[in-house]
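Shown next, in structure tokens, is the structure this report addresses.
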Amino acid sequence: VSLCKRRGFIFQAGELYGGLNGCWDYGPLGAELKRNLKDFWWRKTVQERDDVLGMDGSILTMEQVLVSSGHVGGFADPMCECPLTKQRLRADQIPQAEPGIEYTFHGARDLESGKVTEKQITILIPNGKQEMDRSAQKIAIQYYRELFGKNSKPTLGTKDGPLGLPDEAYTYQPGPRENGQYNPENGVLLSEPRMFNLMLKTNFGATGEQIAYLRPETAQSIFVQYKNVLDSNRIKLPFGIAQVGKSFRNEINPRNFTFRSREFEQMEIEYFCHPDDGMRLTDEWLETRLSFYEEIGIPREKLHILDVPDGERAFYSKRTYDIEYEFPFGIQELEGVAYRTDYDLGVHQKGAGKPLEYFDEETKEKFLPHVVEPSAGCDRTVLALICEAFDEEQLTDEKGKEDVRTVLRFKPTMAPIKVGIFPLLKKNEEQVRIAKDIQKQLQKWMTVFYDDGGAVGRRYRRQDEVGTPFCVTIDFDTLGESGEELKDTITIRHRDSMAQERMKIAALLPWLLERVR
RNA sequence: GCGGGCGUAGCUCAGUGGUAGAGCGCCACCUUGCCAAGGUGGAUGUCGUGAGUUCGAAUCUCAUCGCCCGCUCCA
């Protein structure tokens, strides 16, 4: 995180004003890195395949689209929280409380330290669970002590509040209250139901009367435009539609740097196919995606494949693989490959009242296509690239002096800067002129960085720290001081090995292009 | 949202009621013929923000924002 800020990869959004929770800005180098990832994904997914087309959908999304998809209903459940276990329960699924006696505690005193903690909690002990008032009280106190430990004693109180220091501990009234909801597992009175909707809503129109949502996933615009893409592109099943773009979720608790953000970018494919092919294609896409990660420099052994078991998958999914990466903060999901069946086209066909079936001319078969969805988190992958690239290398020089070299070992394809260009000595005008010529030449093809400040060794190390794979140095040999043979040659210094090789200036561009694209 | 920890220069951090600090980094000049050499000079802080206590607050109190950890959540 520190390196990211210091070298301009990632800053916190709104940092000047104290920061905006769950939002991040990419600085110059971060923007390059992210751009490289997205471009590479697009090239591999759209450009180099015959069966995938791209699109770029609107972020603002009609309410009806998200009603049909289930997001408006599914994401807007009222939830109640249990103050004892912190469990969250859907308010509409909590069973009615049985008759019983309700105990309210107002706090507890630690018997050793005498410290009093105030915390109100109400527990309903059903009539069936008690033989007499005293045993119900015991059960209540036992629950209560789970919160404060065995050495605590609940505070005395009345219905209206705590009276003083502990002895008898509670107030009670017979029977459940009219609007109260209790945790069926432990009888604890739950918090008031609150809406937990993960979608961000906005208004527009002259008077702001129209509602729109910021999309919670890029997928929906693909489903909604599926028929338009099909009709306008002379394409046959199976085929996919790919999209890279921002999505938004009102995450309750953003965490782990950019890993879980409220605004994030997705790289998604919705692959439409015949129902018989869905399971097979899901496995195929998993393999395709795994080799993608290998190509960008995330080794297979750092990836874990989770075959999400029954009961934990989304309700519409017949199979889901999570592709997870070993982040420093744990093994976490980079991408989900989900077989979504015909759920999405089904709900939109019904919701919009318009047929979305596909007619196969060859088999004369009419059916609703099924969908396989490889959905990758762009920001998460950028974070994985940085984590994977980061290295602190121990060096020992000829004099035996220890040194630590910070290196980001990005694959050249992903590296924000492809090549550093240095004149060996800033005061040598000829070296500077040649270096600037080379800079001009290479700039048309790739991101380069010109530097003439300080000793050349320091410049190499600065580039190591931002992951520049190659550095070119123009020296006295370039000028022909060691004879005609070395004239117009430069040295290329490799980031990972620190080794150097000499090369004609004319050979430089093709040599680099072969490696950095 | 709950519990705990934390917030001082770009970074890492010292500073427990009395003049705002160090190392590294950064900028300029000198030096430098290939791996963070050296020298000289320089810039940078509403001590996260707001309120309170005090003659006086980075330091004490409260609130708030943000970060980290554990829960929770994450179709």
Side-chain angles (χ1 to χ4, degrees), chain A residues 1-8 11-23 27 69-71 73-75 77 79-89 117 119 147 191 194 196 198-199 216-217 219 249-257 259-262 264 308 312-317 320 322 329-330 332-333 336 338 340 343-344 373 375 377 393 395 397-399 401 403-407 422-428 431 453-465 471-479 481-482 490-495 497-500 502:
Chain A
V1 175
S2 166
L3 179 72
C4 282
K5 183 178 178 184
R6 186 156 43 87
R7 301 314 304 264
F11 312 119
Q12 190 180 18
E15 195 196 83
L16 195 60
Y17 290 95
L20 183 61
N21 189 238
C23 299
S69 72
H71 284 88
F75 267 15
D77 293 328
M79 308 283 278
C80 295
E81 197 175 65
C82 172
L84 185 67
T85 62
K86 304 299 174 200
Q87 271 175 303
R88 218 166 252 172
L89 301 133
T117 313
K119 170 116 185 167
L147 197 62
S191 67
R194 284 172 43 203
F196 289 95
L198 282 186
M199 287 198 293
E217 58 179 20
R249 290 184 192 180
N250 186 17
E251 295 290 352
I252 291 166
N253 195 355
R255 271 294 157 85
N256 289 326
F257 201 25
F259 182 82
R260 178 168 299 145
S261 308
R262 296 212 161 101
F264 56 99
V308 182
E312 287 177 34
R313 287 191 302 271
F315 58 88
Y316 51 72
S317 178
T320 301
D322 282 352
F329 46 83
Q332 299 277 351
E333 181 185 345
R340 299 177 70 127
Y343 170 77
D344 301 282
E373 178 198 68
S375 169
E393 189 184 21
L395 293 178
D397 66 11
E398 310 92 59
K399 297 162 202 155
K401 207 179 139 198
D403 187 18
V404 176
R405 183 172 77 117
T406 304
V407 201
F422 314 144
L424 184 60
L425 281 187
K426 170 164 62 168
K427 295 186 104 178
N428 186 300
Q431 285 178 8
V456 74
R458 177 190 285 276
R459 288 178 250 164
Y460 287 148
R461 295 299 180 87
R462 270 200 285 248
Q463 292 308 305
D464 288 343
E465 214 177 48
C471 290
V472 166
T473 299
I474 293 84
D475 58 15
F476 291 91
D477 290 349
T478 313
L479 309 180
E481 283 194 8
S482 304
I490 43 79
T491 62
I492 290 197
R493 181 264 194 183
H494 295 256
R495 175 195 66 203
S497 63
M498 297 169 73
Q500 301 190 28
R502 270 205 106 75

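Computed from a prediction, not measured in an experiment: that's the story for all the values here. To find a chain, count down the sequence lines: A is the first, B the second, and so on, and within it residues start at 1.
Within the 4.0 Å cut-off from OP1 or OP2 of rC67(B), at least one side-chain nitrogen or oxygen of Q12(A) is found. One finds a side-chain N or O of N256(A) lying less than 4.0 angstrom from the OP1 or OP2 phosphate oxygen of rC69(B). Taking only side-chain nitrogens and oxygens, R458(A) comes nearer than 4.0 Å to OP1 or OP2 of rC26(B). Dashed line: the shortest gap from a side-chain N or O of K5(A) to OP1 or OP2 of rG10(B) is not under 4.0 Å. When the side-chain nitrogen and oxygen atoms of R462(A) are compared with OP1 and OP2 of rC26(B), one or more of them lie within a distance under 4.0 Å.
Among the protein residues, F422(A) comes within range of no part of the nucleic acid, since none of its heavy atoms lies under 4.0 Å from any strand. Among the heavy atoms of the strands, none lies under 4.0 Å from R405(A). Within the 4.0 angstrom heavy-atom criterion, no nucleotide atom of any strand lies near E333(A). Residue T491(A) is classed as a base contact, given a heavy-atom separation below 4.0 Å to a base.
For the C1' atoms, the distance linking rC26(B) with rU44(B) amounts to 9 Å, nearest Å.
In this structure, the nucleotide among rA36(B), rG33(B), rA75(B) sitting nearest to the side chain of A314(A) is rA75(B). Considering only the side chain of E481(A), rG33(B) comes nearest among rG33(B), rC74(B), rA75(B).
Pairing of rC67(B), defined by two Watson-Crick or G-U wobble distances under 3.5 Å, is identified with rG5(B).
Side-chain N/O atoms of R493(A) and base N/O atoms of rC35(B) include a donor-acceptor pair closer than 3.5 Å.
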